[in-house]
2 protein chains.
Amino acid sequence: MVQSKTELFDKELAEKAMLFKALAHPARLRILQFLAETRSCMTGDICEVLPLSRTTVNQHLKELKEPGLIKGEIDGVKTNYCLNSEKINNLKDMLGGFLSEIDCCSDNNC
Amino acid sequence: MVQSKTELFDKELAEKAMLFKALAHPARLRILQFLAETRSCMTGDICEVLPLSRTTVNQHLKELKEPGLIKGEIDGVKTNYCLNSEKINNLKDMLGGFLSEIDCCSDNNC
DNA sequence: ATTTTGTGACGTATATTTGCGTCATAGAAT
DNA sequence: ATTCTATGACGCAAATATACGTCACAAAAT
(Lines give C-alpha, C1' and ligand atoms only; values in the text may rest on other atoms or scores of the structure.)
Protein backbone atom coordinates (compact mmCIF):
# COMPACT_ATOMS: atom_id res chain seq x y z
CA MET A 1 0.00 0.00 0.00
CA VAL A 2 1.33 3.37 -0.94
CA GLN A 3 -0.42 4.77 2.08
CA SER A 4 -2.55 3.58 4.92
CA LYS A 5 -6.03 4.91 4.31
CA THR A 6 -7.40 4.17 7.73
CA GLU A 7 -7.73 7.85 8.55
CA LEU A 8 -10.11 8.42 5.65
CA PHE A 9 -12.87 6.64 7.51
CA ASP A 10 -15.24 7.71 10.21
CA LYS A 11 -13.36 8.24 13.44
CA GLU A 12 -15.70 6.01 15.44
CA LEU A 13 -15.43 3.23 12.92
CA ALA A 14 -11.65 3.47 12.98
CA GLU A 15 -11.68 3.27 16.75
CA LYS A 16 -13.89 0.19 16.71
CA ALA A 17 -11.66 -1.42 14.11
CA MET A 18 -8.68 -0.77 16.36
CA LEU A 19 -10.35 -2.54 19.25
CA PHE A 20 -11.25 -5.50 17.08
CA LYS A 21 -7.68 -5.60 15.88
CA ALA A 22 -6.41 -5.80 19.44
CA LEU A 23 -8.52 -8.94 19.83
CA ALA A 24 -7.53 -10.42 16.50
CA HIS A 25 -4.87 -12.81 17.70
CA PRO A 26 -5.39 -15.97 19.75
CA ALA A 27 -2.43 -15.16 21.97
CA ARG A 28 -4.02 -11.89 23.01
CA LEU A 29 -7.37 -13.54 23.67
CA ARG A 30 -5.60 -16.15 25.77
CA ILE A 31 -3.83 -13.45 27.73
CA LEU A 32 -7.14 -11.77 28.50
CA GLN A 33 -8.63 -15.08 29.61
CA PHE A 34 -5.63 -15.77 31.79
CA LEU A 35 -5.78 -12.35 33.40
CA ALA A 36 -9.45 -12.93 34.13
CA GLU A 37 -8.71 -16.29 35.75
CA THR A 38 -5.92 -15.14 37.99
CA ARG A 39 -5.10 -11.73 39.31
CA SER A 40 -1.54 -12.66 40.04
CA CYS A 41 -0.33 -11.60 36.69
CA MET A 42 3.39 -11.31 36.24
CA THR A 43 4.74 -11.26 32.74
CA GLY A 44 6.63 -14.45 33.47
CA ASP A 45 3.49 -16.29 34.54
CA ILE A 46 1.78 -15.31 31.33
CA CYS A 47 4.71 -16.55 29.27
CA GLU A 48 4.46 -19.99 30.81
CA VAL A 49 0.90 -20.34 29.62
CA LEU A 50 1.64 -19.40 26.03
CA PRO A 51 3.67 -21.32 23.46
CA LEU A 52 5.63 -18.19 22.65
CA SER A 53 8.85 -16.57 23.72
CA ARG A 54 8.87 -13.94 26.41
CA THR A 55 9.79 -11.31 23.85
CA THR A 56 6.75 -12.04 21.76
CA VAL A 57 4.43 -12.19 24.74
CA ASN A 58 5.73 -8.82 25.81
CA GLN A 59 4.85 -7.42 22.44
CA HIS A 60 1.30 -8.77 22.63
CA LEU A 61 0.99 -7.24 26.10
CA LYS A 62 2.01 -3.91 24.64
CA GLU A 63 -0.68 -4.22 21.99
CA LEU A 64 -3.28 -4.84 24.68
CA LYS A 65 -1.99 -2.01 26.81
CA GLU A 66 -2.12 0.53 24.00
CA PRO A 67 -5.92 0.57 23.64
CA GLY A 68 -6.12 0.38 27.45
CA LEU A 69 -7.65 -3.08 27.73
CA ILE A 70 -5.08 -4.04 30.36
CA LYS A 71 -3.06 -2.14 32.90
CA GLY A 72 0.51 -2.76 34.05
CA GLU A 73 1.69 -1.79 37.49
CA ILE A 74 5.31 -1.85 38.41
CA ASP A 75 5.87 -3.63 41.73
CA GLY A 76 9.56 -3.51 42.48
CA VAL A 77 11.25 -5.75 39.94
CA LYS A 78 8.05 -7.22 38.67
CA THR A 79 5.24 -5.79 36.66
CA ASN A 80 1.74 -6.86 37.50
CA TYR A 81 -0.72 -6.88 34.68
CA CYS A 82 -4.47 -6.92 35.05
CA LEU A 83 -7.61 -6.24 33.11
CA ASN A 84 -8.98 -2.74 32.91
CA SER A 85 -12.59 -3.54 33.73
CA GLU A 86 -13.80 -0.13 32.73
CA LYS A 87 -12.36 -0.40 29.24
CA ILE A 88 -13.56 -3.96 28.87
CA ASN A 89 -17.06 -2.83 29.68
CA ASN A 90 -16.77 0.02 27.19
CA LEU A 91 -15.67 -2.53 24.64
CA LYS A 92 -18.62 -4.75 25.41
CA ASP A 93 -21.07 -1.90 24.95
CA MET A 94 -19.41 -0.68 21.80
CA LEU A 95 -19.34 -4.05 20.11
CA GLY A 96 -22.84 -4.89 21.19
CA GLY A 97 -23.98 -1.57 19.82
CA PHE A 98 -22.32 -2.08 16.51
CA LEU A 99 -23.61 -5.59 16.04
CA SER A 100 -27.19 -4.77 16.88
CA GLU A 101 -26.96 -1.76 14.57
CA ILE A 102 -25.85 -4.09 11.81
CA ASP A 103 -28.41 -6.77 12.23
CA CYS A 104 -31.50 -4.89 13.36
CA CYS A 105 -33.83 -6.96 11.22
CA SER A 106 -33.00 -10.60 10.70
CA ASP A 107 -34.61 -10.79 7.27
CA ASN A 108 -31.55 -9.50 5.53
CA ASN A 109 -31.52 -12.16 2.90
CA CYS A 110 -30.78 -11.74 -0.78
CA MET B 1 8.13 -14.84 12.05
CA VAL B 2 9.76 -18.08 11.20
CA GLN B 3 6.37 -19.69 11.44
CA SER B 4 2.85 -18.71 12.20
CA LYS B 5 2.01 -20.13 15.59
CA THR B 6 -1.70 -19.55 15.40
CA GLU B 7 -2.40 -23.27 15.23
CA LEU B 8 -0.74 -23.84 18.59
CA PHE B 9 -3.65 -22.23 20.37
CA ASP B 10 -7.04 -23.51 21.36
CA LYS B 11 -9.16 -24.06 18.28
CA GLU B 12 -12.04 -22.00 19.62
CA LEU B 13 -9.78 -19.12 20.49
CA ALA B 14 -8.25 -19.20 17.03
CA GLU B 15 -11.70 -19.13 15.49
CA LYS B 16 -12.73 -16.16 17.59
CA ALA B 17 -9.53 -14.36 16.71
CA MET B 18 -10.31 -14.95 13.03
CA LEU B 19 -13.71 -13.35 13.38
CA PHE B 20 -12.27 -10.37 15.21
CA LYS B 21 -9.71 -10.06 12.46
CA ALA B 22 -12.43 -9.90 9.84
CA LEU B 23 -13.82 -6.89 11.70
CA ALA B 24 -10.45 -5.28 12.25
CA HIS B 25 -10.57 -2.76 9.40
CA PRO B 26 -12.79 0.31 9.15
CA ALA B 27 -13.53 -0.39 5.50
CA ARG B 28 -15.00 -3.76 6.39
CA LEU B 29 -17.06 -2.32 9.23
CA ARG B 30 -18.35 0.33 6.84
CA ILE B 31 -19.28 -2.33 4.32
CA LEU B 32 -21.26 -4.20 6.94
CA GLN B 33 -23.05 -1.00 7.95
CA PHE B 34 -23.83 -0.20 4.35
CA LEU B 35 -25.20 -3.66 3.68
CA ALA B 36 -27.40 -3.31 6.74
CA GLU B 37 -28.71 0.05 5.51
CA THR B 38 -29.55 -1.01 2.00
CA ARG B 39 -30.24 -4.40 0.59
CA SER B 40 -29.46 -3.31 -2.95
CA CYS B 41 -25.87 -4.17 -2.65
CA MET B 42 -23.89 -4.28 -5.86
CA THR B 43 -20.13 -4.14 -5.62
CA GLY B 44 -20.19 -0.87 -7.52
CA ASP B 45 -22.55 0.76 -5.04
CA ILE B 46 -20.29 -0.22 -2.20
CA CYS B 47 -17.26 1.22 -3.96
CA GLU B 48 -18.91 4.60 -4.23
CA VAL B 49 -19.32 4.78 -0.48
CA LEU B 50 -15.70 3.96 0.29
CA PRO B 51 -12.60 6.04 -0.41
CA LEU B 52 -10.91 3.03 -1.96
CA SER B 53 -10.49 1.56 -5.40
CA ARG B 54 -12.83 -1.13 -6.65
CA THR B 55 -9.99 -3.64 -6.54
CA THR B 56 -9.39 -3.02 -2.86
CA VAL B 57 -13.07 -3.07 -1.99
CA ASN B 58 -13.38 -6.39 -3.75
CA GLN B 59 -10.63 -7.76 -1.58
CA HIS B 60 -12.32 -6.60 1.60
CA LEU B 61 -15.52 -8.21 0.39
CA LYS B 62 -13.63 -11.44 -0.07
CA GLU B 63 -12.36 -11.22 3.49
CA LEU B 64 -15.89 -10.81 4.77
CA LYS B 65 -17.16 -13.62 2.59
CA GLU B 66 -14.56 -16.09 3.79
CA PRO B 67 -15.79 -16.33 7.39
CA GLY B 68 -19.33 -16.25 6.01
CA LEU B 69 -20.38 -12.87 7.38
CA ILE B 70 -21.76 -11.84 4.00
CA LYS B 71 -23.15 -13.70 1.04
CA GLY B 72 -22.76 -12.90 -2.67
CA GLU B 73 -25.37 -13.89 -5.21
CA ILE B 74 -24.72 -13.66 -8.90
CA ASP B 75 -27.58 -11.93 -10.71
CA GLY B 76 -26.72 -11.84 -14.37
CA VAL B 77 -23.76 -9.51 -14.77
CA LYS B 78 -24.02 -8.14 -11.29
CA THR B 79 -23.30 -9.69 -7.95
CA ASN B 80 -25.56 -8.83 -5.08
CA TYR B 81 -24.03 -8.89 -1.66
CA CYS B 82 -25.92 -9.07 1.59
CA LEU B 83 -25.42 -9.86 5.24
CA ASN B 84 -25.63 -13.43 6.46
CA SER B 85 -27.88 -12.83 9.44
CA GLU B 86 -27.32 -16.27 10.85
CA LYS B 87 -23.56 -15.82 10.99
CA ILE B 88 -23.88 -12.32 12.35
CA ASN B 89 -25.99 -13.64 15.17
CA ASN B 90 -23.49 -16.40 15.85
CA LEU B 91 -20.84 -13.73 16.01
CA LYS B 92 -22.87 -11.68 18.42
CA ASP B 93 -23.34 -14.62 20.75
CA MET B 94 -19.72 -15.65 20.54
CA LEU B 95 -18.38 -12.22 21.31
CA GLY B 96 -20.85 -11.65 24.09
CA GLY B 97 -19.87 -14.99 25.56
CA PHE B 98 -16.20 -14.27 25.42
CA LEU B 99 -16.50 -10.81 26.89
CA SER B 100 -18.66 -11.86 29.80
CA GLU B 101 -16.29 -14.75 30.44
CA ILE B 102 -13.46 -12.25 30.59
CA ASP B 103 -15.03 -9.72 32.86
CA CYS B 104 -17.17 -11.81 35.18
CA CYS B 105 -16.30 -9.75 38.22
CA SER B 106 -15.71 -6.07 37.81
CA ASP B 107 -13.28 -5.78 40.70
CA ASN B 108 -10.35 -6.85 38.60
CA ASN B 109 -8.06 -4.11 39.74
CA CYS B 110 -4.39 -4.35 40.55
C1' DA C 1 30.55 -7.16 45.04
C1' DT C 2 28.49 -10.58 42.24
C1' DT C 3 24.87 -13.38 40.66
C1' DT C 4 20.15 -14.19 39.79
C1' DT C 5 15.61 -12.90 38.29
C1' DG C 6 12.23 -10.24 35.87
C1' DT C 7 11.80 -6.67 32.65
C1' DG C 8 11.69 -3.54 28.66
C1' DA C 9 14.02 -1.75 24.42
C1' DC C 10 16.20 -2.56 20.04
C1' DG C 11 17.09 -4.81 15.81
C1' DT C 12 16.02 -8.42 12.39
C1' DA C 13 13.74 -11.86 9.50
C1' DT C 14 9.62 -13.69 7.72
C1' DA C 15 4.52 -13.55 6.98
C1' DT C 16 0.51 -11.17 6.17
C1' DT C 17 -2.34 -7.22 5.05
C1' DT C 18 -3.44 -3.32 2.35
C1' DG C 19 -3.99 -0.88 -1.82
C1' DC C 20 -3.79 -0.58 -6.58
C1' DG C 21 -3.28 -1.27 -11.75
C1' DT C 22 -4.09 -4.33 -15.41
C1' DC C 23 -6.19 -7.98 -17.80
C1' DA C 24 -9.88 -11.34 -19.08
C1' DT C 25 -14.70 -12.44 -19.12
C1' DA C 26 -19.67 -12.23 -19.57
C1' DG C 27 -23.99 -10.09 -20.26
C1' DA C 28 -26.45 -5.81 -21.95
C1' DA C 29 -26.89 -2.03 -25.07
C1' DT C 30 -25.95 0.09 -29.57
C1' DA D 1 -20.22 -7.16 -34.43
C1' DT D 2 -18.81 -3.75 -31.30
C1' DT D 3 -19.02 -1.05 -27.23
C1' DC D 4 -20.20 -0.49 -22.49
C1' DT D 5 -20.72 -2.00 -17.77
C1' DA D 6 -19.78 -4.86 -13.84
C1' DT D 7 -17.06 -8.08 -12.09
C1' DG D 8 -13.26 -11.39 -10.56
C1' DA D 9 -8.40 -13.04 -10.97
C1' DC D 10 -3.52 -12.04 -11.03
C1' DG D 11 0.54 -9.84 -9.68
C1' DC D 12 3.24 -6.04 -7.53
C1' DA D 13 4.82 -2.64 -3.97
C1' DA D 14 4.53 -0.76 0.47
C1' DA D 15 3.02 -1.08 5.23
C1' DT D 16 2.18 -3.95 9.38
C1' DA D 17 2.15 -7.82 12.20
C1' DT D 18 4.43 -11.76 14.15
C1' DA D 19 8.18 -14.07 16.35
C1' DC D 20 12.53 -14.17 18.22
C1' DG D 21 17.45 -13.26 19.95
C1' DT D 22 20.28 -10.15 22.28
C1' DC D 23 21.35 -6.44 25.24
C1' DA D 24 20.92 -3.35 29.22
C1' DC D 25 19.00 -2.31 33.61
C1' DA D 26 17.24 -2.56 38.32
C1' DA D 27 16.04 -4.88 42.54
C1' DA D 28 16.73 -8.94 45.33
C1' DA D 29 19.48 -12.78 46.84
C1' DT D 30 23.96 -14.74 47.65
Side-chain angles (χ1 to χ4, degrees), chain A residues 1-9 13-14 17-31 35 40-67 69-82 110, chain B residues 1-9 13-14 17-31 35 40-67 69-82 110:
Chain A
M1 66 182 105
V2 181
Q3 195 182 2
S4 181
K5 301 225 163 175
T6 314
E7 69 279 350
L8 294 182
F9 291 89
L13 272 191
M18 250 184 45
L19 284 173
F20 279 121
K21 200 177 211 168
L23 302 173
H25 193 285
R28 294 196 285 272
L29 295 182
R30 188 70 194 89
I31 289 174
L35 288 181
S40 96
C41 35
M42 259 178 33
T43 305
D45 294 342
I46 302 173
C47 294
E48 285 177 26
V49 183
L50 299 181
L52 298 171
S53 77
R54 195 186 56 71
T55 317
T56 306
V57 172
N58 220 324
Q59 209 165 341
H60 284 302
L61 283 170
K62 213 190 294 179
E63 269 164 280
L64 287 169
K65 220 188 302 178
E66 202 193 329
L69 293 176
I70 67 175
K71 293 183 286 188
E73 261 190 13
I74 297 169
D75 169 25
V77 204
K78 313 180 177 183
T79 306
N80 284 324
Y81 286 100
C82 66
C110 294
Chain B
M1 53 175 119
V2 182
Q3 194 183 4
S4 180
K5 304 228 163 176
T6 313
E7 68 280 348
L8 294 182
F9 291 90
L13 272 191
M18 250 184 44
L19 285 173
F20 279 122
K21 201 178 210 167
L23 301 173
H25 194 285
R28 294 197 283 272
L29 295 181
R30 187 71 193 90
I31 290 174
L35 288 181
S40 94
C41 36
M42 261 178 30
T43 306
D45 294 341
I46 302 173
C47 294
E48 285 175 26
V49 183
L50 299 182
L52 297 171
S53 77
R54 195 185 55 69
T55 318
T56 306
V57 172
N58 220 322
Q59 207 165 344
H60 284 303
L61 284 170
K62 213 189 295 179
E63 271 165 280
L64 287 169
K65 220 188 301 178
E66 203 194 329
L69 293 176
I70 67 176
K71 293 184 285 188
E73 260 191 12
I74 297 168
D75 168 25
V77 205
K78 312 180 179 182
T79 307
N80 284 324
Y81 286 100
C82 65
C110 293

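Each chain gets a letter, A, B and so on, in the order its sequence line appears, and its residues count up from 1.
Sorted by first then second residue, the salt bridge (charged side-chain N to carboxylate O under 4.0 Å, His left out) pairs that include residues 47-59 of chain A, not counting sequence neighbours, number zero. Within the structure, every pair that satisfies the salt bridge (charged side-chain N to carboxylate O under 4.0 Å, His left out) test and touches residues 18-29 of chain B, not counting sequence neighbours, is listed here: B:Arg28-B:Glu63.
A:Phe20 places its CZ atom 17 Å from the P atom of C:dT17, with the value rounded to the nearest Å. C:dG8 atom C1' lies 16 Å from atom CG of A:Leu64, rounded to whole Å. What separates CE of A:Met18 from C1' of D:dA17 is a distance of 15 Å, to the nearest Å. The CD-P distance, from A:Glu73 to C:dT7, rounds to 14 Å in whole Å. One interatomic measurement links the two molecules: CD of B:Glu63 to P of C:dT16, which rounds to 13 Å at whole-angstrom precision. If you take NZ of B:Lys5 and C1' of C:dT16, they are 17 Å apart, rounded to a whole angstrom. A straight line from CG of A:Leu61 to C1' of C:dT7 spans 11 Å, rounded to a whole angstrom. Between A:Leu52 atom CG and C:dA15 atom C1' there is a gap of 15 Å when expressed in whole angstrom units.
Contact annotation: A:Thr56 side-chain N/O to D:dC20 OP1/OP2 distance is under 4.0 Å. Distances shorter than 4.0 Å separate none of the side-chain N or O atoms of B:Ser4 from OP1 or OP2 on D:dT18. Between B:Thr43 and D:dT7 there is a side-chain N or O to OP1 or OP2 distance below 4.0 Å. Side-chain N/O atoms of A:Lys21 include one lying less than 4.0 angstrom from OP1 or OP2 on D:dA17. Between A:Lys78 and the phosphate of D:dA28, there is no side-chain N or O to OP1/OP2 separation shorter than 4.0 Å. Listed pair A:His60 / D:dA19 meets the phosphate criterion, a side-chain N or O lying under 4.0 Å from OP1 or OP2. The shortest distance between the side-chain N/O atoms of B:Thr6 and the OP1/OP2 oxygens of D:dT18 is not below 4.0 Å.
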Give the B/S/- string for nucleotides 21-30 of chain C, one per nucleotide from 5' to 3', where a protein heavy atom under 4.0 Å of the base yields B, of only the sugar-phosphate yields S, and otherwise -. BB----SS--
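The side chain of B:Asn58 lies closest to D:dT7, out of C:dG19, C:dA9, D:dT7. For B:Gln59, taking side-chain heavy atoms from C-beta onward, the closest of the listed nucleotides D:dC20, D:dG8, C:dT18 is C:dT18.
Under the 30°/60° scheme for interplanar angles, the aromatic rings of B:Phe9 and A:His25 are found to stand perpendicular.
When every heavy atom of A:Leu69 is checked against every heavy atom of A:Leu23, the shortest pair comes out as CD1-CD2, 4.2 Å.
Taking for each of A:Gly44 and A:Phe9 the nucleotide of DNA chain C with the nearest heavy atom, the 5'-most of the two is the partner of A:Gly44.
Among residues two or more places apart in sequence or in another chain, the side-chain contact (heavy atoms from CB on, under 4.5 Å) test is passed with B:Lys65 by B:Ile70, B:Tyr81. By the side-chain contact (heavy atoms from CB on, under 4.5 Å) test, A:Thr55 pairs with A:Ser53, sequence neighbours left out. With sequence neighbours excluded, no residue forms a side-chain contact (heavy atoms from CB on, under 4.5 Å) with A:Val77.
How far CD1 of A:Ile46 is from CG of A:Leu52: 12.0 Å, rounded to the nearest 0.5 Å.
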